Structure formats: structure tokens, C-alpha cells
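To start, the structure itself, in C-alpha cells.
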Amino acid sequence: MLNINDTNFSGKRALIRVDFNVPLNSDREVTDDTRIRAALPTIKKVIKDGGKAILMSHLGRPKNGPEEKYSLKHIAGKLGELLGTTVKVAPNCVGEEVKAMADELDKGQILLLENLRFHKEETAGDEFFAGQLAELGDIYVNDAFGTAHREHASTAVIARFFPENKLFGYLMEDEIKNIGRVLHGAKSPVTAIIGGAKVSSKITIIQNLMEVADNILIGGGMAYTFVRAMKGKIGDSLVEDDKLETALGIMELAKRTNTNLILPTDTLCADKFSEDANTRVCPTNKIPDGWMGLDIGPATIKSFLKVIRESRTILWNGPMGVFEMEKFSTGTEKVARTLADVTLAGSSFTLVGGGDSVAAINKYNLAEKVSYVSTGGGAMLEYLEGKVLPGIAAIKGE
Ligand code: AMP
């Protein structure tokens, strides 16, 4: 495995797996370019060295072959604008014509391949298809953390064709380093703030985090499954009845591992799931029928913020309430702002990751004010769960 900083790409065709799976509007314009920006340092390094950048990505979930709305050509304009140069667009990602386009690139030029998932062989991890892609490059660079948990042709299988010439891009290096700061040798106290809708999607991560976290703060809809498991009255709040035993198991594990698992004591309840609902604050275990908990309450906010301020390493995944509605966004906003405060004070390392917490941190314009925002939702969660990610293992040769 090579190191990107020590590699000179001059004259080389660098085949870079990026994650350009970005949202587009109905005019096929990019509405959030975060993922494109995240890939720029690696592309710029290749270009600056005098290398040739051949970029490959998926976009959306095309079902059966090419679909206009998922064409990577819609990304080329934005990418060129951000790089200040023109980007050539290939009509496919494999085949003679594309191979010729890659071979004809001059030093410093960029070729964007068509959507990898227009070929079902990509997600199937097909070795022949991976070999066809591999013909386009002299060096393989994986910079797509967002798909590192998938064993696809372009993210993992392809690495076999580059036994010597494979490396992580800057984004991958950053993600591995920053998530690693929580998992290995983190400064204590370590606090994980876990929220979101369902406990079922976060069980393994909570269990794995118990090995490293001193405190786990549980917010969001998932908290009510814990409260219900302890025979509390949760009214019409979100609950996963088939996960009550699991919730009890998690609380038991917390005791055994000496982890403070902290649940909300009060809740902002609403009489309907709507911005114009009537609201009241209730103890989390005494929510009347006909009412549902949609945010953490003021006493919980106070106690959560105190724990956060006293922590040295903090991971945040999942909102504290239905933050998309103004009325139920206070808990999420306060957590976001406090993370920014402790980061500014220089006392703590703060890592934010997972779709909706990233959306929340962006909503309050705080992405630059925390230590690191992970670009990989599912990949970050699986990494924190302690799983080996195929995209990482393939480069490391594990
Ligand atoms: P997840 O994708 O599991 O992280 O869940 C994120 C979603 O959970 C967001 O869309 C929130 O609106 C939703 N959510 C958070 N708290 C609650 C709650 N108390 N009741 C219902 N939905 C919630």
C-alpha cells in the first residue's frame, strides 16, 4: 500500500473511486456539493503532480442499466467549476471508447466516467468488470468513504488488480484517522450522543461504543423503547415493541461495562405529529395517551449539555428530536451548538456523523465548527460497530 503524500502521479493515470452520489434537483443541478468538495484535495494532488485523473462513482440507484437522471454528466459542470478547469465526460465506465479516452488524456486532465451502477456487475462485485475498470489506470486510489462498507467492483474487488499501486485518497485517510480518534486511545471522558428514530438501527454501535465510551446519551425516538422496556408510560410515542428485550439487554451491558447510559428524564410532548401541535413537557415515563414525545425536555437538555461540556471526546450520531420541525428542534440545536462551543474552547475532540446529524449540523451552519464531520453515514456506523470495511481492507491488503 502506498501513501498519497509520498506518491508522485506525474504522467500516471490515477483511477480514483470517489463518492459523487450527491442530490440533484429536477433540473439535474447539484443541490449539495459537500461530497464533491470532499474529493477535491485528492484530485488536485494528482493534477498538480502532472498526473491524469480518471474519476469513477455511482449516483443514485439505477435499476436496470442507464437512466438519464442518474448520469454522472450532471456532476461534471459543478466539478469543473470547483476545480476551475474543464472535465471530460465519458459515455460509459468501461469499453474500448472509454479506454481510448483514458489513454489520450494529457497530464493534468480529468476524465469523469459514467455511473458505475449502470452495470449490475458493480454492486455484484464482479471480477471481470473490476478488471475492465482496472485497465483504465496505472494507480488505484480509493477516496470513497461513503461506500467503503460495500464490497463492490470499484470499491474493493478492483484493488486485486493493483497489488502494489493502490492507496487511500486524502478523504479516506482523514475519515480513518478521525473515526480512529474515537475508537482507539480517545481522551476521556468519552461521550457518545446517539439519537434518531429507531433503536434497531443503532444496537450494534451502542454495544460496541460501550467498550470506549464513559457516557452514552440516548435521545430521539429511540429513547422511548428504553423507557417502555422499563414499564414507563410513553403515550403514543415511537416504540419498537419487538426491541424491548434488546433495550433491557443494552442497559444490562451498560452496568457490566460501567458505562453511564443516560436516558431523557423529560420530554417535549405533542398532541399530533405536526408543527401546529399543542405541546407540553412531561416526565419521559409519564406521557399521557394521545400525546407523543418529539424532543428531549428542558431538564434533559440541561443534563446532556453538562455531560458534553465535561467530556474530552464526543461522538454525535442522530438527532435528539424531530428537528425538521422548528417546534421540536431545540434539543438537537442545543447539542449542535454546545459541540461547537467545546470545540472552540479547544478542550474536546468532536466527531459528527450519520445522515441526519450531519443535516442538523449543516442546518445551524456549524459544520466548520466541530472537529470533524464524517461524509459516510452507513460506512461510519459500520466502522464504529467494529466491522472491517471491505473498501479499507482491500487497500490495506487485509
Ligand atoms: P435516524 O435516521 O435513525 O438517525 O433517524 C432520524 C430521524 O429520526 C429524523 O428524521 C427525526 O425526525 C426522527 N426522530 C427523532 N426523534 C424522534 C421522535 N421523538 N419521534 C419520531 N421521530 C423522531
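Order of listing sets the numbers, starting from 1, for every ligand and every atom in it. Heavy-atom basis, side chains included; hydrogens, waters and symmetry copies ignored. The model shown is predicted, which means the values in this text are computed figures rather than measured ones.
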*Just by distance, with hydrogens left out, do H119 and D126 show a side-chain donor and acceptor under 3.5 Å apart?*
no
*asked:* Among all protein heavy atoms in this structure, tell me which lies nearest to atom 3 (O) of ligand 1, with the distance rounded to 0.1 Å.
replied: A197 N, 3.2 Å
*Is there a donor in the side chain of S371 and an acceptor in the side chain of T350, or the other way round, less than 3.5 Å apart?*
yes
*Pick out which of R117, R61, R17 makes a salt bridge (charged side-chain N to carboxylate O under 4.0 Å, His left out) with E122.*
R17
*Give every residue pair that meets the salt bridge (charged side-chain N to carboxylate O under 4.0 Å, His left out) criterion with at least one member in residues 37-49, sequence neighbours excluded.*
D33-R37, K45-D49
*Which atom pair, heavy atoms only, marks the closest approach of L136 to K99?*
CD2-CA, 3.6 Å
*Could you tell me whether the side chains of T257 and E211 share a donor-acceptor contact shorter than 3.5 Å?*
no
*Taking only heavy atoms of Y224 into account, list the atoms of ligand 1 that are under 4.0 Å away from them.*
19 (N)
*asked:* Checking a contact table here: which protein heavy atom is nearest atom 23 (C) of ligand 1, and how many Å away?
replied: V322 CG2, 3.5 Å
*asked:* For the 3.5 Å polar cut-off, considering only N or O atoms, please tell me whether G221 and ligand 1 meet it.
replied: yes
_Quick check against the 3.5 Å criterion: does N142 have a side-chain atom that pairs as donor or acceptor with the backbone of A144?_
yes
*With a cut-off of 4.0 Å, which atoms of ligand 1 are near a heavy atom of G220?*
16 (N), 19 (N)
*With heavy atoms of G293 as the reference, note each atom of ligand 1 found under 4.0 Å away.*
18 (C), 19 (N), 20 (N)
*What is the closest protein heavy atom to atom 2 (O) of ligand 1, and at what distance does it sit?*
D356 OD2, 3.5 Å
*Would you mind running through ligand 1 and noting each atom that sits below 4.0 Å from a heavy atom of K202?*
3 (O), 4 (O)
*G354 to ligand 1, any heavy atom closer than 4.0 Å*: no
_Protein heavy-atom partner closest to atom 11 (C) of ligand 1 - residue, atom, separation in Å_ = E324 OE1, 3.6 Å
